[in-house]
Amino acid sequence: MTIYVLGIGANVNAQHQCRLMLHRLRQAFGEVWATELVTTRAVGIDAPDYVNGVVCFESDIETQALLKWCKALEVQLGRDRSQKLCAADIDLLLSVDRLEELTDEDIASQVREPWFRPLVVRLLRHVPQWLA
């Protein structure tokens, strides 16, 4: 089983869309752990602020199948990549087989987006023991 860590976010009806993404993830993968939702500025584009969160779960799904599932969910929730407004964004931030061997620095260094790093570290340090 692999532990997957996903970043979720939106800047259109953002709170609702993030809760809907979390609901769909739980329907598909069962127990899903999530951080609080935080507001961040849009980076690199002139667009409304984003609401972002981090989720993690354990699954035997293949990484490519998960990525395909995430992109399909974005489309179902109204994502239009030609627009600056984002109805749903789900990105794979990290996948690991064993957490206990990773330091906080190891975890943070693998997450590209700086606004997700503290959320990922905090979440992975506080999830139930079954993920360790």
Quiz item: Under a single-linkage rule joining Ile, Leu, Val, Met, Phe, Trp and Tyr whose side-chain heavy atoms are separated by less than 4.5 Å, which residues share a cluster with M1?
Solution: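 Its cluster mates, by chain and number: none.
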Quiz item: Other hydrophobic cluster members with L85, side-chain heavy atoms of Ile/Leu/Val/Met/Phe/Trp/Tyr under 4.5 Å, chained?
Solution: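 For the cluster that includes L85, the remaining residues are V12.
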Quiz item: Measuring from D89:CG to R79:CZ, what's the distance to the nearest 0.5 Å?
Solution: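 Rounded to the nearest 0.5 Å, the CG-CZ separation comes to 4.5 Å.
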Self-check item: Atom pair OG1 (T35) and CG (L119), whose distance is rounded to the nearest 0.5 Å
Solution: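 Output value for this atom pair is 4.5 Å.
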Quiz prompt | Path from L92 to I8 over hydrophobic side-chain contacts below 4.5 Å | solution =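 Both belong to a single hydrophobic cluster.
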Quiz item: Are V32 and L67 grouped together when hydrophobic residues (ILVMFWY) are joined by side-chain heavy atoms under 4.5 angstrom apart?
Solution: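 Shared cluster, yes.
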Flag the pair [X] / [Y] as yes when at least one side-chain heavy-atom distance between them is below 4.5 Å, and no otherwise.
X	Y	answer
R19	H23	no
F57	L66	yes
L124	C56	yes
C18	L22	no
W115	V38	no

For [X] versus [Y], what's the shortest heavy-atom pair and its separation?
X	Y	value
E113	D91	OE2-OD2, 4.5 Å
A87	M21	O-CE, 4.5 Å
S82	D80	OG-OD1, 2.7 Å
L25	V55	CD1-CG2, 3.7 Å
W69	A28	CZ2-CB, 3.5 Å
L93	L6	CD1-C, 3.8 Å

Quiz item: Taking 4.0 angstrom as the limit, do E74 and R81 come out as a salt bridge?
Solution: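 Salt bridge: yes.
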Quiz item: Taking 4.0 angstrom as the limit, do E36 and R122 come out as a salt bridge?
Solution: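 Salt bridge: yes.
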Exercise. May I ask you to check whether over 12 heavy atoms, not counting those of R112, lie within 6.0 Å of atom CZ?
Key: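 Not buried by this count: 12 neighbours or fewer within 6.0 Å.
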Exercise. Please determine, by modelled atom types, if T40 and N52 share a side-chain donor-acceptor pair under 3.5 angstrom.
Key: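 Yes, side-chain donor-acceptor contact under 3.5 Å.
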Quiz item: For R125, which residues count as a side chain to side chain donor-acceptor pair (under 3.5 Å) partner, sequence neighbours excluded?
Solution: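 Applying side chain to side chain donor-acceptor pair (under 3.5 Å) to R125 gives D104.
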Practice problem: Any chance you could lay out the side chain to side chain contact (heavy atoms under 4.5 Å, CB included) test for V120 and L94, step after step, and finish with the verdict? | Solution: CA-CA 9 Å; V120 171; L94 182 68; 4.3 Å; yes
Examine distances only and state if a side-chain atom of [X] and a backbone atom of [Y] form a donor-acceptor pair shorter than 3.5 Å.
X	Y	result
R41	D49	no
T2	S95	no
E58	Y4	no
K71	I90	yes

